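Only this structure's heavy atoms are used, side chains among them; waters, hydrogens and symmetry mates stay out. For clarity, every value in this text was computed on a predicted model and none was experimentally measured.
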Amino acid sequence: MTLTARQLLLSTLDRQFLLERRRIEVAEAVRRICAVQAQTPASPYLALWNRVQDFAPGDLDAAFADRRVVKATLLRGTLHAVHAEDYAPYHAVMESTLRAARLHDRRFTSTGLTLEDADALLPELAAFLARPRTGAEVEREVTGRFGAHAHLMWWALRTYAPIHHAPTGGPWSFTQRNAYLASPPAPGDGPPDAAAGAVRLILAHLRAFGPASAPDIARFTLLGRQVITRALKELEDRVVPVAGPGRAALFDVAGATVPAEDTPVPPRLLPMWDSTLLAHALPGRLMPPEYRPLVVRRNGDMLPCLLVDGQVAGVWRATAGGLELTAFRTLGKDAWRGLTEEARKLSAFLADRDPAVYGRYGHWWDKGFPGVETRIVKD
């Protein structure tokens, strides 16, 4: 059987708990959906609110506090929240990419600093970060010997070194003044190697977003073609080829199921940078190409989206009057009824935490959107 584009979309939505909210513990939810984009502190909370039945934000607060879920620079060199047990293998496979992104960057190389200079600091950095420290403290204590270049040395280290962001309080556990903490030693005989990490990460991607192609995996992770090919070869007893509508070969976990094409899809209000919009090669499964310039801004900001029938149909933001929903196309009464209900629930969820969530990104609305209709929804 050849899967249709609709079936691939429904498969992603199902595995991301976007067809139906699941009753599941938060750390396990993070594991099941592979990794949660955490570039802004609120996004992991809103991602789980969309996916977990009766989600209580205090549960994620606790998971961050006791390090069952950790926040760190990983996939695509951006911040993600992952299950603590997944961090070490994911970091192992991403480390060379993260190192290269900083240590081969002209801003670093132009200082005269070397790879050896940076790597030599790793043991000292780990010892210093045995308890949470601010970036300014690290610059003074660990990289301060490099004088004017201390900032760039820390800029490199905080990207590829095995460190987590430490909770600092605030409505979403983390504030703009970051704190850092060394990753604990990996259990067992030592840290996993990159090959084992690639196998684990790619299998997690297929379970969370599959069926998927090698280009899909590459876009989500920024891993190279050879790394992905070797891992898929290693997984050949657990992964099967799948026929799809495009030219790229698709792979899926053996025994995985795909929803029927007539499966209903509820509306959702996705957070900024939701992982479902970053998990597949362009144009992706949820984003109509004509809307991409409206949602993904030139600097890379990806705005919070309205999801209607599994497709991005507009954007939303918090305002003083309530949640403002802007549709890019004409929506029917049922779609607006569903979006309004979701918006009321989300407004109530935000009321006790951060009613002005994502407020710093409001400037993207200043020039307006070519929307068909805008509605304000109050709790």
- Are any of the side-chain heavy atoms of Leu323 and Ile376 separated by less than 4.5 Å? no

- Message: If I take atom CZ from residue Arg6 and atom OG from residue Ser11, how far apart are they, to the nearest 0.5 angstrom?
- Response: 12.5 Å

- Calculate, to the nearest 0.5 Å, the distance between atoms CG and CZ belonging to Leu282 and Arg292 respectively. 4.5 Å

- May I ask you to decide whether Arg102 forms a salt bridge with Asp105, counting only side-chain N to carboxylate O separations under 4.0 Å? no

- Hey, are the side chains of Leu79 and Lys71 touching, using non-hydrogen atoms and a 4.5 Å cut-off? yes

- Query: Do side-chain atoms of Thr221 reach the backbone of Ile217 as a donor and acceptor pair under 3.5 angstrom?
  - Reply: yes

- Message: Using the side chain to side chain contact (heavy atoms under 4.5 Å, CB included) criterion, which residues pair with Pro215? Sequence neighbours excluded.
- Response: Ser213, Ala281

- Query: More than 12 heavy atoms of other residues, nucleotides or ligands under 6.0 Å from CD of Glu124: is that the case?
  - Reply: yes

- Message: Quick one, Leu98 and Thr73 - any side-chain contact, counting heavy atoms below 4.5 Å?
- Response: yes

- Task: Keeping to residues at least two apart or across chains, list the ring-ring contact (aromatic ring centres under 6.0 Å, His included) pairs with something in residues 261-309.
- Result: Tyr291-Phe328

- Task: Taking the side chain as every heavy atom from C-beta outward, state whether Met302 and Leu277 have any atom pair closer than 4.5 Å.
- Result: yes

- Within the side chain of Ser275, is there an N or O that forms a donor-acceptor pair under 3.5 Å with the backbone of Ala35? yes

- Do Thr374 and Glu324 meet the criterion of a side-chain donor-acceptor pair at a distance under 3.5 Å? no

- Trp365 and Phe369: aromatic ring centres closer than 6.0 Å? yes

- Item | is_close_aromatic(Phe64, Trp172), centroid dist under 6.0 Å | no

- Message: Using a 3.5 Å distance criterion without hydrogens, assess whether the side chain of Asn50 forms a donor-acceptor pair with backbone atoms of Leu269.
- Response: yes

- Item | Pairing residues for Asp193 by the side chain to side chain contact (heavy atoms under 4.5 Å, CB included) criterion, not counting sequence neighbours | Ala195, Ala196

- Worked check of salt bridge (charged side-chain N to carboxylate O under 4.0 Å, His left out) between Glu341 and Arg337: CA-CA 6 Å; Glu341 182 179 353; Arg337 186 180 301 112; over 6 Å; no

- Would you say Ser173's side chain and Gly170's backbone share a donor-acceptor pair under 3.5 angstrom? no

- Message: Is a donor from one side chain sitting under 3.5 angstrom from an acceptor on the other, for Ser96 and Tyr160?
- Response: no

- Charged N to carboxylate O under 4.0 angstrom, Arg51 versus Asp274? yes

Which donor-acceptor pairs under 3.5 Å do the side chains of residues 224-245 make with protein atoms, sequence neighbours left out?
from   : atom 1 : to     : atom 2 : distance (Å)
Thr229 : OG1    : Arg225 : O      : 2.9
Lys233 : NZ     : Glu236 : OE1    : 3.4

- Query: Any side-chain heavy atom of Arg68 within less than 4.5 Å of one from His83?
  - Reply: no

- Query: With the threshold set at 4.0 Å, does a side-chain nitrogen-carboxylate oxygen contact exist between Arg15 and Asp252?
  - Reply: yes

- Determine, for Arg31 against Glu85, whether the closest basic-nitrogen to carboxylate-oxygen distance falls under 4.0 angstrom. yes

- Can you check whether Leu74's main-chain N or O pairs, donor with acceptor, with Thr78's side chain at less than 3.5 Å? no

- So, are Arg22 and Asp14 salt-bridged, with charged N and O less than 4.0 Å apart? yes

- Message: Rounded at 0.5 Å granularity, tell me how far CZ in Phe17 sits from CZ in Arg23.
- Response: 13.5 Å

- Query: Would you say Asn178 and Tyr180 make side-chain contact, with heavy atoms under 4.5 Å?
  - Reply: yes

- Task: Any ring-ring contact (aromatic ring centres under 6.0 Å, His included) involving residues 90-113? Give me the pairs, sequence neighbours left out, ordered by first then second residue.
- Result: Tyr87-His91

- Query: Hey, what do you get for CZ (Arg145) to CG (Asp117), rounding to the nearest 0.5 Å?
  - Reply: 10.0 Å

- Task: Look up atom CG in Leu339 and atom CG in Leu307, then write down how far apart they are to the nearest 0.5 Å.
- Result: 9.0 Å

- Item | Thr143 side chain to Met153 backbone, donor-acceptor under 3.5 Å | no

- Item | Salt-bridge contact Glu342-Arg21 (side-chain N to carboxylate O under 4.0 Å) | yes

- Looking at side-chain heavy atoms only, is the closest gap between Thr4 and Leu9 below 4.5 Å? no

- Query: Is a side-chain donor-acceptor pair under 3.5 Å present for Tyr361 with Thr40?
  - Reply: no

- Task: Inspect the surroundings of CZ in Arg67 and state if more than 12 heavy atoms from other residues, nucleotides or ligands are less than 6.0 Å away.
- Result: yes

- Under 3.5 Å, side chain of Gln16 to main-chain N/O of Leu18, donor-acceptor pair present? no

- Item | Qualifying ring-ring contact (aromatic ring centres under 6.0 Å, His included) pairs, either residue in residues 210-252, two or more places apart | His205-Phe220, Phe209-Phe220

- Close side-chain approach of Ser110 and His149, heavy atoms under 4.5 Å: no

